[in-house]
Peer 1: 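The structure that follows is given in the form of structure tokens.
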There are 2 protein chains.
Amino acid sequence: MRVTIKEVAAAAEVSAATVSKVLSGRGAYAVHALTAERVRRVAAELGYVPDMAAKHLRTRRTGQLGVVLEAVGASEPESLLGAEAAQHAAALRRTFDGAIMAGLSGAARERRVPALVVYPGGDMPARHYLDGRVDGLIVSCDPLRGHALLQALSSAPLPLVALWTGQAPAGVCAVDVDHQSGAAQATQHLLGLGHTRIAFYGGGTHGGVEHFRRREAGYRQAMRAAGLRPYAAVHGGAELVGAVRRFQFSAVFAETDLGAAAAYQALSAAGYRVPDDLSLIGFDDVQGAEYIAGGLSTVYHPAAEMAAAGIGLLLERCAGRPVPPRTQIAPRLILRRTTRRWSGP
Amino acid sequence: MRVTIKEVAAAAEVSAATVSKVLSGRGAYAVHALTAERVRRVAAELGYVPDMAAKHLRTRRTGQLGVVLEAVGASEPESLLGAEAAQHAAALRRTFDGAIMAGLSGAARERRVPALVVYPGGDMPARHYLDGRVDGLIVSCDPLRGHALLQALSSAPLPLVALWTGQAPAGVCAVDVDHQSGAAQATQHLLGLGHTRIAFYGGGTHGGVEHFRRREAGYRQAMRAAGLRPYAAVHGGAELVGAVRRFQFSAVFAETDLGAAAAYQALSAAGYRVPDDLSLIGFDDVQGAEYIAGGLSTVYHPAAEMAAAGIGLLLERCAGRPVPPRTQIAPRLILRRTTRRWSGP
DNA sequence: CTGTTAGCGCATTCAT
DNA sequence: ATGAATGCGCTAACAG
């Protein structure tokens with residue numbers, strides 16, 4: 001059987017309350033230094049480990065955070081996305097969920113809060129997060145879906161932080177990557193290289209998704225800021241090749257790295273060289289980006305940083321402190337070998 | 001305040017004990033059908049949610065599983081791997097952690113067990129998993145490290161399942177991908193295509209790592225089974241090009257997809273065409289593999305399936321049932337466009 | 001500074 | 001078939 005606080009108390013010849021004060025009180029209670037020292041020593045000798053279940057019951061706090069990963073383990077993506085896009089999206093989401101977990105890991109470990117990963121199953125309503133298991137919830141929304149899950153969860157009287165979204169329900173703290181700024185940075189880099197005829201490659205299946213809309217908005221914003229008229233998004237390899245011919249594009253900004261890889265394949269097949277004939281830049285810095293098109297320049301997608309920020313915010317909220325309702329994490333440019341100064345036609 | 005079992009009891013005009021029997025007893029107690037029905041209805045009306053902390057304290061079981069991700073959030077990889085390899089490894093691990101989480105997700109959600117993700121921090125010894133938070137532990141070992149963590153954890157009197165390893169300490173259930181079989185499949189595929197001069201590309205920084213050793217073993221096994229003498233592993237782009245010249249290789253099996261991407265770059269730069277001059281096959285099916293070398297044929301790495309199997313095994317152990325000490329998950333070949341029948345020199 | 005008392009919400013005897 | 005009593009291990013008041 002496990003050793004309890006009582007046994008420690010007996011061995012240290014103090015009361016259980018004193019042991020509790022020493023071992024768990026945040027210094028709020030005054031205990032004689034020698035007594036405290038003795039208690040600690042005895043506890044260590046006995047291998048005492050406080051029982052969390054009992055502590056939780058008493059304090060009504062678990063110190064655990066719930067992580068709701070909408071993306072990972074999503075069950076019916078096909079119906080929303082179409083089969084081929086679904087496979088694509090699944091791989092991407094896994095990657096980002098990995099980054100999310102990494103970000104949570106760093107932040108949560110630093111602060112010593114375990115994260116309880118709960119999965120939004122069909123029949124697992126919001127109430128199930130209210131069973132006293134967690135002190136707060138961090139929700140990694142699937143940008144490819146709506147906000148239904150978030151909506152459902154937001155009715156819960158728990159501190160809530162939403163990841164991957166800029167527009168959370170009232171009372172929910174939203175954290176997102178600043179897609180627009182990232183896209184603007186990419187476009188500005190191309191502009192700074194002397195390109196003016198810059199294509200935006202994207203807008204296909206993802207059409208209505210917030211993130212991709214904002215990437216396109218970043219492109220348009222940067223173009224306009226440079227006094228240029230943005231081009232309409234082009235999607236599909238054949239269409240891109242056609243558009244390059246028609247508009248004499250000297251650069252392509254693809255809304256994702258995988259899009260950039262597809263663009264590169266189409267362009268190469270059509271005889272264009274990157275970066276000699278065309279500069280190419282992506283978004284995400286996915287694993288392997290270094291091998292796309294001989295080393296894809298891209299925008300690093302700070303998913304892990306976003307997750308870490310989310311944990312920080314959630315803990316603030318759990319502590320009852322106010323937090324900003326919206327936070328944006330800025331991506332940054334990663335320059336490799338697919339962009340080059342424009343040297344004329 | 002939350003509604004407790006007592007309030008439900010009062011509203012349903014029964015005792016708290018009866019409510020407990022109805023709502024949580026596994027049918028072991030006899031309760032009149034009508035009473036039970038009334039209790040359930042009242043509970044639903046009141047929005048009663050059982051308090052987990054209290055339940056855990058009473059039953060000494062949490063229904064939660066601990067997930068220890070050694071890879072994600074690993075803190076000092078550089079010292080073990082060297083800087084450039086570390087970056088490489090970090091990206092890879094994030095991907096696989098994503099897959100792990102996806103696998104856990106599917107399995108755990110299905111069985112309605114939340115997973116508590118805990119991070120192996122420097123000062124978080126095995127005892128910390130013994131505080132009654134979890135019923136069992138699933139440990140995703142970092143193949144690039146040793147078994148130190150697993151060793152430390154295995155002293156805990158908790159059901160333990162180790163992922164990513166074939167050689168767990170006694171009493172620990174080990175689950176791994178069958179790297180050797182995967183590598184043998186890849187090599188056999190090449191052999192079936194008529195290739196006999198097949199290079200194994202790998203063995204660099206990863207030299208001593210179990211997984212990569214087993215991939216090489218798979219290659220050697222398949223070669224020998226075909227009556228051929230395996231070649232020594234070659235590592236590095238320049239070395240590969242030299243070896244291709246010297247040994248007249250017609251095919252290359254790379255121990256990882258990223259290795260295949262690097263091999264492809266070196267080979268292309270040296271004027272070799274894939275698959276016209278050389279067939280190429282990788283291992284992992286990483287995200288973007290479809291864009292490597294125009295569509296890399298590779299071995300799918302069933303990380304998610306492994307994780308799912310691990311959860312299943314852990315739950316069996318938690319239930320006290322016996323489980324096989326070792327489980328191997330078979331990878332499968334994914335054929336894309338980098339392998340071709342050998343048509344002579 | 002320390003000990004005593006009193007639950008937290010629930011599941012489980014044992015009566016009835 | 002149901003209810004009263006008991007305690008899981010711990011912490012928070014309060015009294016000394």
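Residue numbers start from 1 in every chain, and the chains themselves are labelled A, B, ... in the order their sequence lines are given, proteins ahead of strands. Both backbone and side-chain heavy atoms feed into the values below; hydrogens, waters and symmetry mates do not. It should be emphasised that the depicted structure is a prediction, and the values quoted were computed from it without experimental measurement.
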Peer 1: If you look at every strand shown and take non-hydrogen atoms under 4.0 Å, does B:Thr4 touch a base, only sugar-phosphate, or nothing?
Peer 2: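 Sugar-phosphate: the residue B:Thr4, judged by heavy atoms under 4.0 Å, touches backbone atoms but no base.
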Peer 1: Output the rounded distance in Å from CZ (B:Arg38) to P (D:dA1).
Peer 2: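 For the pair B:Arg38 CZ and D:dA1 P, the rounded distance is 15 Å.
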Peer 1: What is the distance from CE of A:Met52 to C1' of D:dC10, rounded to the nearest Å?
Peer 2: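 Rounding to the nearest Å, CE of A:Met52 and C1' of D:dC10 are 11 Å apart.
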Peer 1: Is the closest basic N to carboxylate O distance between A:Asp135 and A:Arg60 below 4.0 Å?
Peer 2: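 No, A:Asp135 and A:Arg60 are not salt-bridged.
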Peer 1: Please pick, from C:dT2, D:dA1, D:dA4, the nucleotide with the shortest atom-to-atom distance to any side-chain atom of B:Ala17.
Peer 2: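 Nearest to the side chain of B:Ala17 among the choices is D:dA4.
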Peer 1: CG/B:Leu314 to CG/B:Leu65 distance, rounded to the nearest 0.5 angstrom?
Peer 2: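 That separation rounds to 5.0 Å.
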Peer 1: Closest to the A:Ser20 side chain: D:dT11, C:dT2, D:dG9?
Peer 2: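 Out of D:dT11, C:dT2, D:dG9, the nucleotide with an atom closest to A:Ser20's side chain is D:dT11.
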Peer 1: Does a side-chain N or O of A:Lys55 approach OP1 or OP2 of D:dT11 to a distance below 4.0 Å, or not?
Peer 2: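 The answer is yes; a side-chain N or O of A:Lys55 sits under 4.0 Å from OP1 or OP2.
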Peer 1: What does the inter-axis angle of the helix from C:dC1-D:dG16 to C:dT16-D:dA1 come out as, five pairs per end, nearest 10 degrees?
Peer 2: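 What I find for the helix from C:dC1-D:dG16 to C:dT16-D:dA1 is an axis angle of 40°.
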Peer 1: In whole Å, what is the span from the NZ atom of B:Lys21 to the C1' atom of D:dA4?
Peer 2: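 The distance from NZ of B:Lys21 to C1' of D:dA4 comes to 10 Å, rounded to the nearest Å.
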Peer 1: Whole-Å distance between D:dT11 P and A:His56 NE2?
Peer 2: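 Taking NE2 of A:His56 and P of D:dT11, I get 10 Å after rounding.
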Peer 1: Decide yes or no for A:Val39 and A:Val14: does some side-chain heavy atom of the first lie under 4.5 Å from some side-chain heavy atom of the second?
Peer 2: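 They are in contact (side-chain heavy atoms under 4.5 Å apart), so the answer is yes.
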Peer 1: Test your reading of the model: is there a side-chain donor-acceptor pair from B:Arg326 to the backbone of B:Gly166, 3.5 Å cut-off?
Peer 2: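 Yes.
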Peer 1: Taking the minimum atom-to-atom distance to the side chain of B:Ile5, which one of C:dC10, C:dT12, C:dC8 wins?
Peer 2: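 Shortest atom-to-atom distance from the side chain points to C:dC10.
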Peer 1: When the nearest nucleotide of DNA chain D is assigned to B:Ala54 and to B:Glu13 on a heavy-atom basis, which residue is associated with the more 5' position?
Peer 2: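 Whichever sits nearer the 5' end wins; that is B:Glu13.
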Peer 1: Quick check on C:dC10: is either OP1 or OP2 less than 4.0 Å from any side-chain nitrogen or oxygen of B:Tyr48?
Peer 2: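 Result: yes.
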Peer 1: Between B:Thr35 and B:Leu57, which residue's closest nucleotide on DNA chain D lies nearer the 5′ terminus?
Peer 2: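 It is B:Thr35, whose closest nucleotide lies nearer the 5' terminus.
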Peer 1: So, A:His56 side chain and B:Ala53 main chain: donor-acceptor pair closer than 3.5 Å or not?
Peer 2: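 Absent.
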Peer 1: Do side-chain atoms of A:Ser24 reach the backbone of A:Lys21 as a donor and acceptor pair under 3.5 angstrom?
Peer 2: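 No, because the side chain of A:Ser24 does not come within donor-acceptor range (under 3.5 Å) of the backbone of A:Lys21.
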Peer 1: Rounded to the Å, how far apart are A:Arg2 CZ and D:dC10 C1'?
Peer 2: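 Between C1' of D:dC10 and CZ of A:Arg2: 12 Å.
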Peer 1: Choose from D:dT6, C:dC8, C:dG3 the nucleotide whose nearest atom is closest to any side-chain atom of A:Thr18.
Peer 2: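 When the side chain of A:Thr18 is considered, C:dG3 is the closest of D:dT6, C:dC8, C:dG3.
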Peer 1: Does A:Arg41 pair with A:Glu45 as a salt bridge, N-O distance under 4.0 Å?
Peer 2: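 Yes, A:Arg41 and A:Glu45 are salt-bridged.
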Peer 1: Let's see if you can work this out: which of C:dT2, D:dC8, C:dG3 has an atom nearest to the side-chain heavy atoms of A:Val14?
Peer 2: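 So the nucleotide nearest the side chain must be C:dG3.
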Peer 1: Is the phosphate of C:dA11, meaning OP1 or OP2, less than 4.0 Å from a side-chain N or O of B:Ser24?
Peer 2: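 Yes, because at least one side-chain N or O of B:Ser24 sits under 4.0 Å from OP1 or OP2 of C:dA11.
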Peer 1: How about CD on A:Glu13, more than 12 heavy atoms from neighbouring residues, nucleotides or ligands closer than 6.0 Å, or not?
Peer 2: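 Open.
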Peer 1: Whole angstrom is fine here: how far is it from CZ in A:Arg58 over to P in C:dC8?
Peer 2: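 Whole-Å distance recorded here is 8 Å.
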Peer 1: Would you kindly give the CZ-to-P distance between B:Arg133 and D:dG9, to the nearest whole Å?
Peer 2: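 Whole-Å distance recorded here is 17 Å.
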Peer 1: Name the residue closer to the 5' end of DNA chain C, choosing between A:Ser15 and B:Ala16 according to the nucleotide with the nearest heavy atom.
Peer 2: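 Final value for this comparison: A:Ser15.
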Peer 1: Send over the distance from B:Tyr29 OH to C:dT13 C1', rounded to a whole Å.
Peer 2: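 About 8 Å, once rounded to whole Å.
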